[in-house]
Amino acid sequence: MPSNNPHSKALNQTNTAGEKQITSLEVLLHRIMNRIRQSLELPAILSITVAEIRGFLETDRVKIYRFDTDGSGEVVAESVDKERLPSLLGQHFPAQDIPSEARELFLLARQRSIVDVGTQQIGLSPAPEADESIELKNDIRFRSVDPCHVEYLTSMGVQSSLVVPILHREQLWGLLVSHHSLPRQITEQELQVVQLVADQLSIAIAQSTLLEQSRLQAQQEATINRVAKLLHSMTQMQVQQALELTVSALQGAGGRICITPQNPAEKAQLFTTGKQPDTKQGGKRGKRGQGGVINSSFSPLEEHPSWREWLRMEATVVEESPVWVVNDLYQAALQSDLAQAFLKSGIRTLLIVRLQYRQQILGYLSIFRNEIDVETIWARRPDRDDERHLSPIKSFEVWRELKRGQVQEWKTTEIELAQALASHFAIAIHQYQLYQQVNALNANLQCDIEERKQAEKKICALNAELEQRVQERTAELRRANRRLLEEINERERALRDRKQTQASLERLSRQSELILNSAGEGIYGLNCQGKITFVNPAAARMLGYGVKELINQFMHEVVKHSKPDGVRYFLEDNPIYATLQNGTVQHVTDDIFYRRDGSKFPVEYVSTPIREQKKIVGAVVIFKDITERQIIERMKDEFVSVVSHELRTPLTSIRSALGLLARGSLNNQPEKSQRMLEIAFDNTNRLVRLINDILDIERINSGKVTMHKQICNVTDLMIQAVDEMRAMAEKAEIHLELTPASVQLWADPDRIIQTITNLLSNAIKFSPPGSTVWLSVELQQEGKVRKADCVEKNKFTTSSTSYLLFQIKDQGRGIPEDKLETIFDRFQQVDASNSRHQGGTGLGLAICRSIVQQHGGKIWAESILGKGSTFYFMLPISQ
């Protein structure tokens, strides 16, 4: 019988309303987070966030306040409802508005505050820890609010406020603030939603930072490539164009390259662009020559004694590095006349890089920057001593502060870019100087040859005159002596020529023998009948014979020359026979040779005729085993096929889902329309993961990713990895059990955490609900490694005596024994369909293997079908 108790009906209605509110909050939170994830650009993400939060809380203003390094801050995003409160977007607030004690609470305790001006109460609530649920830490403790805080908010026209900190890399990045012009209470559920959005903003900030770093790195690499192309051109070194590109890339107002002369008699070469120091001497200035060179009658600035002495005294960026950075010439110990030369031209900051190739100093690259004006918009004047603001905490009048003559400091990335570009300049200048030296030597050699020819002509003339005189006086004696001398000279010449010819033949024979014996490809010679006349050791080794065994053998019968399909050639159809018959050069790939033991291998060969007096007397055949090449090409084809299939599958799903939505087939079916959108969104995420994993593994294997190794605590790495995977484990109802060991390890912490999280992710995906995944580590000494943990010891350095053995064990379905090795290859999965359902790309284990190998370690797996799998990876503690 239904109950007629009115209290029961009211309770049921209250519970139903609460459940609906929780459901609407979850839907709203999901929508807000999805909109945040739709963009990688931070300004767009922040604008979306404040609009959504203001709509959710229904307050008058929501803003995001970002801290500067000096403690002051700026409103970088804002949403205001119908101008009920004035806009603060783009305005700065002094550091004293948020005391350092409050900033420490925001950072260390992640303190959240709720202020109600009407009740003079402030509610404080610490954010939950990483291993605690939000529901357990939403207790709000109220106390009386500070009168100064009430006065501050009242002056802004605010009656209630909510402040939630935003963290980035363990630092206080900013605040998420909500203001309302009327009293309003903030519920615990609303605080939960705002906290979750703030956590998502931290992730979005990290992703945006990585994106900006990637863009900057790509831009710098493009600049380096363009400058290198100009400097290392095959026609002429384009220093002027490279200098202009360098100054533009470093945002300089001007720049110059001074090439110091290698010969004291020569003058320095100077290339300039943009603003230059005013170094007039005697009313004369240098004239620009070809290619931007300044030819001056006086020494350039870089050869000034005071300049060189200043560089020796001035500290470099890094000890013993040839880079000087002067952010402010007013604070530099530069001689007054040189400093004035820069300041008169409006130059305030300098970046100087010495162009050096090995131990040779080739010159200097200098980049100049002007001083700038910095304008800041303050929400209120930060100067408390200003008579116009006797009570600054009550005044929020907008104030524009203009600081003139400010310096543009050089960033670390700009200094590194300048060093890289200077290296290319130094190499190009060194190569150009070598080229000039070679040309000079060639010219001198040509002069010597001409002088020798002239001397020979004079000697010949004198000899002719002398012979004429001797002939006139002693004709008969001359004839007799001439015959005798000619006979002696002819005999000596014949003997000398014979010795030289014999020595040349011996030397050529020895060189030919060494070349044949050293060649890695197979080489053999045939006479016109097809018999082997010579063969090198590489050919005999590939065919399984000795060199002497092959001499005078018919090569066609020895190698059983066959076509790519295995059908043997008839002698008259053999391409090598065609070379012997008509002298055509044959270049053939994919033919088959047979070894002595009967095994076959694919070859690529070239047969060239040997001619003597325009007759074909034989042929030379050069061949090589192309087995590995075919394997690599087949692996490449398989890789392309797998990648194209992995890309085509999610693209097909996305296209089908979007096609149905575009045609309007599901306009009257909102649930199916939502499902189609979810399918398209999931497949888009899969494409992004797949492409990121492919790029990640290629960068690691090609050496483009540098391992930033340092001393790490293994326990900290394991705890951080488990914390990152805990949410995924709780969703899958998997229990994570950690057994750490307090050991110091020399490794890249980010890459080791990436390896552990990848292995934990696989274990969670393929484990049944309610099961346990264990993560443990053991310290093992060399010589005490268990049989199941044996690795190739020669892959570790000989100085390593201790190893760390990591184990990730699950209770999943297991891996077949024939798959235990192949699962570490790209796109190799035990069950591709299920892995795709789990969101895998097939590259996680391949990335793990690349990271472990980069650390000098080994990774492997053991499994029993139906009982679970255990993944091991072993790392040396120190290098």
Side-chain angles (χ1 to χ4, degrees), residues 14-15 17-18 21-22 24-26 28-29 32 49-50 53-65 67 73 79 81 84-85 88 93 96-167 172-199 201-202 393-394 396:
T14 302
N15 292 336
Q21 184 178 10
I22 292 174
S24 63
L25 289 175
E26 292 177 351
L28 176 62
L29 181 61
I32 293 175
T49 301
V50 295
I53 292 297
R54 193 192 59 75
F56 166 66
L57 295 177
E58 297 181 352
T59 54
D60 294 336
R61 177 172 59 207
V62 173
K63 65 178 182 178
I64 292 180
Y65 182 81
F67 286 101
S79 176
D81 184 22
R84 294 180 179 175
L85 290 176
L88 302 176
F93 287 80
Q96 58 266 25
D97 283 16
I98 302 178
S100 58
E101 296 84 1
R103 291 197 294 269
E104 290 181 1
L105 287 176
F106 283 136
L107 174 61
L108 301 178
R110 297 181 65 188
Q111 186 73 63
R112 304 169 298 183
S113 65
I114 303 171
V115 177
D116 189 340
V117 176
T119 60
Q120 302 288 305
Q121 294 288 317
I122 181 172
L124 302 177
S125 174
E129 299 293 338
D131 57 348
E132 295 178 343
S133 63
I134 295 179
E135 289 78 1
L136 298 177
K137 291 295 294 182
N138 276 331
D139 52 325
I140 303 176
R141 299 182 296 276
F142 287 91
R143 63 172 176 79
S144 298
V145 67
D146 188 90
C148 293
H149 196 170
V150 172
E151 183 181 9
Y152 187 90
L153 292 177
T154 303
S155 300
M156 295 182 70
V158 175
Q159 290 296 310
S160 63
S161 70
L162 167 63
V163 180
V164 176
I166 303 173
L167 305 183
L172 182 60
W173 183 89
L175 302 174
L176 178 59
V177 182
S178 171
H179 286 160
H180 200 57
S181 59
L182 298 174
R184 188 186 186 283
Q185 292 185 352
I186 302 297
T187 65
E188 293 186 356
Q189 291 178 342
E190 291 173 336
L191 182 60
Q192 291 178 20
V193 173
V194 176
Q195 179 64 55
L196 289 174
V197 172
D199 294 339
L201 279 179
S202 298
I393 204 168
K394 295 181 180 181
F396 288 90

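Computed from heavy atoms alone, side chains included, the values below leave out hydrogens, waters and symmetry copies.
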Criterion side-chain contact (heavy atoms from CB on, under 4.5 Å) on Val163 and Val115, from CA distance to verdict = CA-CA 9 Å; Val163 180; Val115 177; over 6 Å; no

ask   = How many angstroms lie between CG in Leu124 and CG in Leu105, if you round to the nearest 0.5 Å?
value = 8.0 Å

task = Would you mind reporting whether Leu153 and Val145 have side-chain heavy atoms less than 4.5 Å apart?
result = no

message = Looking at Ser160 and Leu182, would you say the former's side chain and the latter's main chain have a donor-acceptor pair under 3.5 Å?
response = yes

request  = Return the minimal non-hydrogen interatomic distance between Ser181 and Gln159, and the atom names on each side.
outcome  = O-CG, 3.1 Å

query = Can you tell me how far CZ of Arg112 sits from CD1 of Ile186, rounded to the nearest 0.5 angstrom?
reply = 12.0 Å

ask   = Which pair of non-hydrogen atoms, one from Pro126 and one from Arg141, has the smallest distance, and what is that distance?
value = CD-NH2, 3.6 Å

query = Thinking salt bridges, do Arg184 and Asp60 make one under a 4.0 Å N-O criterion?
reply = no

request  = Tell me, with the steps shown, if Leu88 and Phe93 meet side-chain contact (heavy atoms from CB on, under 4.5 Å).
outcome  = CA-CA 10 Å; Leu88 302 176; Phe93 287 80; 3.9 Å; yes

task = May I ask you to test the Asp116-Pro183 pair for a side-chain heavy-atom distance under 4.5 Å?
result = yes

request  = Please report the closest heavy-atom contact between Leu57 and Ser178, naming both atoms and the distance.
outcome  = CD1-OG, 3.7 Å

Nearest atoms (heavy-atom pairs only) where Leu175 meets Ile98 = CD1-CD1, 3.7 Å

task = Go through the steps to decide whether Ser161 and His180 satisfy the test side-chain contact (heavy atoms from CB on, under 4.5 Å), and finish with yes or no.
result = CA-CA 6 Å; Ser161 70; His180 200 57; over 6 Å; no

Closest non-hydrogen atom pair, Arg54 against Thr59 = CG-O, 3.2 Å

remark   = Taken to the nearest 0.5 Å, the spacing of His179 NE2 from Leu162 CG works out to 9.0 Å

inquiry  = Return the CG to CG distance between Leu167 and Leu172, rounded to the nearest 0.5 Å.
reply    = 6.5 Å

query = Taking the side chain as C-beta and beyond, is there a heavy-atom pair between Asp97 and Tyr152 under 4.5 Å?
reply = yes

request  = Report the C-alpha distance between Leu176 and Val62 in whole Å, list the side-chain angles of each, state the deciding distance to 0.1 Å, and finish with yes or no for side-chain contact (heavy atoms from CB on, under 4.5 Å).
outcome  = CA-CA 8 Å; Leu176 178 59; Val62 173; 4.1 Å; yes

Spacing of CD belonging to Glu101 relative to CZ belonging to Arg103, to within rounding of 0.5 Å = 8.5 Å

message = For Glu58, is the CD atom crowded, meaning more than 12 foreign heavy atoms sit under 6.0 Å from it?
response = no

remark   = Shortest non-hydrogen pair, Val50 vs Ser79, comes out as O-CB, 3.7 Å

